[in-house]
Structure formats: structure tokens, C-alpha cells
Amino acid sequence: MDPDVTDSTLPGYGIADALLSLPTVSVVGKLSDTVALYGTSTFTGSQQAPELPPVAVSAEWIDPAAALTNWQEDCAFNIHGNISRSKDFTPKHGFSLNFSGEYGARSLHQDVFPGSGVTSFDQLVLKSLSTDTWPNSDVANSVIDGDTRWHRADASYIRDEVFRATQLAASGTSARGRFAHLFLNGVYWGVINVIEHLDNKFAAEHFGGARDEWDVVKDYNELSDGSRASWDQLLALAGTANFSSETTYQQAQGRNADGTRNAAYPVLLVAANLIDYMIVHIAQGADDWPDKNWYGVRRRTDTDTGFKFFAWDQEISNTSILKQHSANGPLYELVDQAGRPAQIYSSARANAGFNRQFGDRVQALFFNGGPLTQSAMAARWHAQQVLVDKALVAESARWADYQRATPYKREVEWLAHMAWMDSTYWPQFVSRAL
């Protein structure tokens, strides 16, 4: 660890304080191939690290604040992420723990995310939070509306968690996450975000049914689990502006043109869910979207269940008071991407009833104590800020001098950015979003 960090910490913010401020995930196993490929100079250049066969490991959860919640389980360990697998972008890669029965239990049965009601998991994602961290690269960073897409000096480590917590507050559904430290064979890896994996297991645990009853689509119009038949049916109904037709719009919701239920039509669209999903992304300036970083789930065996959409990997969000366009091109509120939730939204914008419902939801979320008011958003941000406050001292010692002689520090860059969020960003959040 960097002595410039460890020798200059404030009282109460030493390395021991930092390491004890969060739970620890300790992974022990034959990691030589995995860590050598993803974590040392044996893998160089811009080539994205390939997928390797999973490694058998022992994973342990150690929480200094709640020892009774500690657990150990044998499982599989592998790389996780997209651009974060490129060492030119960041040396701090993300991983996953997989409980498939191949190297241990078929599922992890632990209360990893207290209050969620879900205690069974087939996979936990150990996200490195790459774009919102100090060791990521600013190389080839584009400018949108006069502002750079991201600034690693402004890394917060909490943007993705705040984004998903906002979807949870707005709609009642989202993948849960927790911050932790990661150790690989006893070597400190840094601060990570432990997150539920969005798959058919997630859908079944949260919404009922068997996992093989759920269809899951994601990212570049990809099928992740199940069948894409109902998804393709919804996209065909939406078309370019087909929802300008009230008959078609109601059919997608399993209704006759007058709004009454028609059992011959499966429910494919839940307008309320789509509206909340879109508002959350528009308001928080989801930069790396709508072409990717999303999931949709639907229970195929329940004709009364439509698609539910979820945020994912929104590390470039709540970053700017200037940007009004996503990196994908259009204004946030005018996104239209074929094969994505944005296509359905764009088509629905041609429907007067959808627009009225959308406007009513904006009123409910942004005013009168709603979850997207300035005070609610700032409070949600501060709640996550407190969690990583001390932990970032250890993160700084591990990673903050990558490509930089003077390491980024909690006491310098991070606290300055937190002050900017308080004084400048949150006071303008609602006016920018609307």
C-alpha cells in the first residue's frame, strides 16, 4: 500500500479503521491463472481479458459489525464485466461468485441484503465500479454538451448504488447491493460493490414461480434466459409508433381497446413499470444507455405478467449539470433504440394516455416529498457516502496512484467532490432533470 496515503491519514481514518468499516469478502483458492491474467503485468495491452474456466474457491463473508451474519461457502470464481476487463482501462477488474453446485452448494442461502426478503442466490457480482473509481482511465473520454463524460478525479464509488437505490425507491424493485472490501488469497484488492445478479433466479426469488418460467432479456437486445418470443411480440406491437393506436397500446397490456381485460391477449407491457424505469434514467442522466446496461424480465407461464425493467451498471450518472444527451446520442427524454425498452417508450410517447400517466408520475416522484425530490436524492447519496467514507482510505492506498504520481485521496479529491455535489449538483437536480 502507498505510504503517502498510509502515513498521512486523519485520526480515526487509518488503514485499520478503513478495513473495519465495511464487511470483507475473502476469496481463497488456486487463483494463480485468474489473478495473473487479470491482475498483474503478465496481461498487458488493450485486449480485453478473455473468459476463463471458473476457479474453485472458498468464499468467506466477514463482517466486523455483525459477526453472527458471517458465512463461508465453496463456489466458483470468475471474471465479470465488459470494458473493466481491459487492463488499459483499469487494472482493478470485477469478479463473480457462482453457486451452481459444480464446486460447492447449488445456491447460497444467506441474508446478504437484509430487508430484501431474498436469501437464496446463484451468483453474486463483485463489481469493481470501474468508471467511477480512481484507477480507471480518462483516455479517449468524449465530451457531451460541453462536459467530459466522466472525470476519474471526481470518482465517488457510489453512483451505481445510488442509481439502483433510486429505482428501488421509485418503483419498489431493483437489484440490491452492498459495499465491501475484497481480498484475493489474502491480498487486498479494494472496495467493491456486492450486487444481486439479474437473471431468472433473481426474478423467481423476487416475484415468484420457478426460475425456468422466467424470460430475461438485456443489453444489446440479447436473450439471457428462457425464450424471447414474448419480447419479440412486444417489440413488434410497439413498432416505430404503433402505440399511437389505442387498440395496439391496450393489446400490449392485455386489454381490449376500451381498457377491459382480454384473456386472449397476454400482458406484455406494464406501463407503470416502464414509466418509472424511464424517469429514473432520464432524471439521473444515464450516460451509458439506452443501447445497453438494462435488464427485462417476464414470467412466461403467467399471461397476466408483463415485462419489468431494471437498471444496471450506471456508474456514469448524476455527474453533470450540463449534459442533456446520453453518450448514445439523443436527449435523455427522447431516447429511441430498437430492441430496447427505449423503443417501447418512444412508441408509447405517441399515445396520449401514456403521456398523461407519465406526467402524473413525474408530479408524484419530483414533488411533495417524492423519492426524486432534491432532499430525497441528496439523502440517498449521503447514506451511501457515509458507508464508504473510511473505506476509501484503504482503496486510495491500493489503487489511487495508478497512472498518477500523487495518489488521489479521500481528504483531497473525494471530499472536494462530495462538497460540489452538496453545493452545486443536488440544488440543481430537479431543474436539470425537468
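Values below: all heavy atoms of this structure, side chains included; hydrogens, waters and symmetry mates excluded.
- Here the two rings, on W399 and W189, have centers that are under 6.0 Å apart.
- Considering only residues two or more places apart in sequence or on other chains, Y332 meets the ring pair (Phe, Tyr, Trp, His ring centres under 6.0 Å) condition with none of them.
- Using a 4.0 Å cut-off between a side-chain N of Lys or Arg and a carboxylate O of Asp or Glu, E315 and K127 qualify as a salt bridge.
- Residues satisfying the ring pair (Phe, Tyr, Trp, His ring centres under 6.0 Å) test with W414, not counting sequence neighbours, are none.
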**Request:** Apply side chain to side chain donor-acceptor pair (under 3.5 Å) to the pair T248 and N242, showing each step before the final yes or no.
**Result:** CA-CA 7 Å; T248 307; N242 293 358; over 6 Å; no
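- For D258, the side-chain contact (heavy atoms from CB on, under 4.5 Å) partners two or more places apart in sequence, or in a different chain, are N256, T260.
- Using a 4.5 Å heavy-atom threshold, the side chains of P266 and R298 count as touching.
- Between D215 and R300 a salt bridge is recorded (basic side-chain N to carboxylate O distance below 4.0 Å).
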**Request:** Would you check, one step at a time, whether the test side chain to side chain contact (heavy atoms under 4.5 Å, CB included) holds for R152 with T133?
**Result:** CA-CA 6 Å; R152 67 189 186 119; T133 65; over 6 Å; no
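- Not counting sequence neighbours, the partners of Q253 by the side-chain contact (heavy atoms from CB on, under 4.5 Å) test are Y249, Q250, R255, L269, A271.
- Just one residue in the list D132, D138, T131, T319 forms a side-chain hydrogen bond (donor to acceptor under 3.5 Å, both in side chains) with W150, and that residue is D138.
- Nearest heavy atom pair, residue R380 against residue A169, reads NH2-CB, 3.4 Å.
- For W214 and F202, the ring centers sit 6.0 Å or farther from each other.
- For the pair K308 and F207, the cation-pi criterion (under 6.0 Å, within 45° of the ring axis) is fulfilled.
- Within the structure, salt bridge (charged side-chain N to carboxylate O under 4.0 Å, His left out) pairs that include any residue of residues 185-196 do not occur (at least two apart or interchain).
- Side-chain contact between L237 and L268: present, with at least one pair of heavy atoms (C-beta onward) separated by less than 4.5 Å.
- With respect to R211 and D225, no salt bridge is recorded, no charged nitrogen being found less than 4.0 Å from a carboxylate O.
- In this structure, the ring of F113 has its center less than 6.0 angstrom from the ring center of F121.
- Between the side chains of E395 and Y157, at least one donor N or O lies within less than 3.5 Å of an accepting N or O.
- A cation-pi geometry, defined here as NZ or CZ lying under 6.0 Å from the six-membered ring centre and within 45° of its normal, holds between R349 and Y345.
- Looking at heavy atoms from C-beta onward, V27 lies in side-chain contact with L97 at the 4.5 angstrom threshold.
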**Item:** Worked verdict on W231 versus F307 for ring pair (Phe, Tyr, Trp, His ring centres under 6.0 Å)
**Value:** CA-CA 8 Å; W231 175 241; F307 277 95; 5.2 Å; yes
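- Contacts classified as ring pair (Phe, Tyr, Trp, His ring centres under 6.0 Å) and involving residues 373-397 (residues at least two apart or in different chains) are given here: W381-W426.
- Taking the six-membered ring wherever Trp is involved, the centroid distance between the rings of Y295 and F310 does not fall below 6.0 Å.
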**Item:** Pair D276-Q167, side chain to side chain donor-acceptor pair (under 3.5 Å): steps then yes or no
**Value:** CA-CA 8 Å; D276 281 353; Q167 183 180 30; over 6 Å; no
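- With ring centers used as reference points, F77 lies under 6.0 Å from F95.
- In this structure a side-chain-to-backbone donor-acceptor pair under 3.5 Å is present from N293 to D288.
- Here the side chains of L129 and I192 are not in contact, with every heavy-atom distance at 4.5 Å or above.
- Taking the six-membered ring where the residue is Trp, F358 and F354 present tilted rings, their angle falling between 30° and 60°.
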